Amino acid sequence: MGTVHASATKADDPNIICHDDECVPCTNPEHKGPGNPGSFEDIHKKVKDVYPQNFEGARLNIKKILSEHFNVTHSITLSAVTPSGYKLGTKYVGTKMVGLTEKYPIAIGEISPNGNLTASFVHTLGCRFRYKLSAQIADGKCKASSSSLEYRGNDYTVAVILANPKFTKRHGTVVMHFLQAITSRITLGAEIACLRGTKVPGGQQTVMCMAFRYSTGLTTLSGTIGEAGLHLCYHRKTSSQLEIGVEIETNVRTHHSVGTIVYQVNVPHADLIFRGIVNSETTVGGVFEKKLYPLPESSLIISGLLNHKKQQFRVGVGLNIG
């Protein structure tokens with residue numbers, strides 16, 4: 001990412017393809033550094049994206065695209081484990097382009113008939129600043145809220161997050177992130193979290209951790225090491241059809257560790273994707289997604305999750321339309 005020149009560099013830089021007057025170029029051809037490392041929260045994104053999204057019961061999602069920037073989703077869930085019922089979801093994506101792929105502002109919300117609401121809003125100032133607001137309302141009360149401000153430099157990212165603040169009682173959580181790209185493959189970072197509240201031991205606590213990521217494109221190794229424990233992730237894209245991820249989480253306070261293997265198999269000629277999971281707590285699961293024709297952008301989803309130790313087996317069937 002480079003210095004923002006909203007009007008001058010658009011025509012001069014051949015690497016920037018903008019079709020909107022509000023496009024904000026984010027790259028500078030003269031800058032040949034490792035590039036911006038992204039957000040601290042996405043340091044384990046490669047492995048997290050491979051995880052299957054297991055569910056139980058029956059689920060129906062109907063998505064209606066009303067315009068290029070606005071769509072509506074109707075969701076109906078029938079389950080004995082998770083709350084059942086109807087939910088209405090909306091998503092708005094604005095016209096302000098940052099670089100080649102990002103568009104702002106982004107507003108996402110989901111509401112149920114009983115008034116429970118989850119919503120988030122993301123916008124940008126120029127090319128470097130991004131701020132996000134999120135809230136969850138249930139039973140007429142704000143159960144959770146967070147706000148964050150992020151600055152993306154040429155080869156580093158700095159972010160500050162404020163979660164669940166109660167200014168009158170001086171309670172809440174403040175998190176500070178810093179991520180630095182050392183080379184095009186190596187990234188280092190740090191996180192400091194300050195917690196204050198009645199449920200925090202001693203009333204106030206500070207937790208620190210260090211982070212690293214090594215990526216060659218096909219292979220990514222990432223980890224966080226701190227007072228709370230150790231979190232390691234390894235992702236490997238073996239081919240265009242197979243991705244494998246390994247995750248190890250260790251809590252030094254409870255002396256508990258969990259190892260997980262996840263994988264994704266993509267069969268393009270059959271229009272199906274299978275994601276699976278196996279972990280050290282005797283849990284085996286998978287999600288099978290098959291595209292349906294001639295319905296456009298529709299798919300059948302079958303989920304299964306088995307825990308041998310707890311002797312629990314959960315099955316889910318879902319249909320996505322639109």
Side-chain angles (χ1 to χ4, degrees), residues 1-4 24-28 31 33-51 53 91 93-94 96-108 118-136 144-165 172-195 207-217 219-226 228 230-235 245 247 249:
M1 299 174 65
T3 306
V4 178
V24 181
C26 247
T27 58
N28 189 341
H31 177 70
N36 184 270
S39 299
F40 190 95
E41 300 172 347
D42 295 335
I43 197 167
H44 301 303
K45 189 176 186 299
K46 287 284 189 178
V47 173
K48 296 300 182 181
D49 288 345
V50 183
Y51 263 80
Q53 302 298 321
K91 181 178 181 180
V93 179
K96 181 179 180 180
M97 294 186 62
V98 177
L100 301 178
T101 58
E102 299 178 76
K103 288 186 177 182
Y104 296 95
I106 302 174
I108 302 175
T118 58
S120 63
F121 177 79
V122 185
H123 204 8
T124 180
L125 298 175
C127 160
R128 299 187 181 272
F129 285 97
R130 288 165 176 81
Y131 58 90
K132 180 179 181 181
L133 304 175
S134 302
Q136 180 180 359
S145 65
S146 67
S147 58
S148 64
L149 179 63
E150 182 181 84
Y151 177 82
R152 296 190 178 187
N154 291 334
D155 54 5
Y156 67 93
T157 300
V158 181
V160 179
I161 303 172
L162 177 62
N164 301 322
T173 302
V174 178
V175 184
M176 291 174 284
H177 292 157
F178 178 76
L179 206 59
Q180 174 73 55
I182 307 300
T183 67
S184 59
R185 296 187 174 186
I186 301 176
T187 300
L188 301 178
E191 178 187 68
I192 301 177
C194 301
L195 301 85
V207 181
M208 301 177 61
C209 76
M210 306 297 292
F212 71 91
R213 181 178 62 205
Y214 175 80
S215 178
T216 62
T219 302
T220 301
L221 176 63
S222 60
T224 55
I225 304 173
L230 173 67
H231 188 185
L232 294 175
C233 289
Y234 174 80
H235 175 268
E247 183 178 35
E249 291 185 272

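Being a predicted model, the structure only gives us computed values, none of them experimental.
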Review point. Distance from Asn164 atom CG to Ser146 atom OG, nearest 0.5 Å?
Key: 7.5 Å

Point to revise | side chain to side chain contact (heavy atoms under 4.5 Å, CB included) partner of Arg213, the single match among Ile43, Leu188, Ile186, Thr224 | key: Ile43

Check your understanding: Looking only at heavy atoms, what is the nearest atom pair of Val98 and Gly126, with distance?
Key -> CG2-O, 3.9 Å

Point to revise | For Lys45, all residues meeting salt bridge (Lys or Arg N to Asp or Glu O under 4.0 Å), sequence neighbours excluded | key: Asp49

Exercise for review: Could you tell me which residues satisfy side chain to side chain donor-acceptor pair (under 3.5 Å) with Thr157, sequence neighbours excluded, listed by chain and number?
Suggested key: Asn36

Revision key, fill the gap. Here the pair of heavy atoms bringing Asn154 nearest to Arg128 is OD1-NH2, 3.2 Å

Check your understanding: Which heavy atom in Asp155 sits nearest to a heavy atom in Pro34, and how many Å separate them?
Key -> CB-CG, 3.9 Å

**Study point:** Heavy-atom side-chain contact between Ser134 and Gln136 under 4.5 Å
**Key:** no

Check your understanding: Roughly how far, to the nearest 0.5 Å, is OG of Ser215 from CG of Leu221?
Key -> 10.0 Å

**Study point:** Closest heavy-atom pair and its distance - Phe178, Phe40
**Key:** O-CD1, 4.1 Å

Study note, to complete from the structure: Note: Lys46 and Thr220 closest approach over all heavy atoms is CG-OG1, 4.0 Å

Review point. Would you call Glu102-Arg130 a salt bridge at under 4.0 Å N-O?
Key: yes

Revision key, fill the gap. Residue set satisfying salt bridge (Lys or Arg N to Asp or Glu O under 4.0 Å) with Glu150, at least two apart, ordered chain then number -> Arg152

Revision key, fill the gap. Minimal heavy-atom distance between Pro37 and Leu179, with the atoms involved, is CG-O, 3.6 Å

**Study point:** Interatomic spacing from NZ in Lys96 to OG1 in Thr124 - rounded to 0.5 Å
**Key:** 5.0 Å

Point to revise | Ser39 side chain to Glu41 backbone, donor-acceptor under 3.5 Å | key: no

Practice item. Could you grab the distance from atom CZ of Phe121 to atom OH of Tyr104, nearest 0.5 Å is fine? Key: 11.0 Å

Review point. Is there a side-chain contact (heavy atoms from CB on, under 4.5 Å) between His235 and His44 once you walk through the steps?
Key: CA-CA 9 Å; His235 175 268; His44 301 303; over 6 Å; no

Review point. About how many Å separate OG of Ser148 and OH of Tyr131, when rounded to the nearest 0.5 Å?
Key: 11.0 Å

Practice item. Any chance you could measure Met210, atom CE, to Ile225, atom CD1, to the nearest 0.5 Å? Key: 9.0 Å

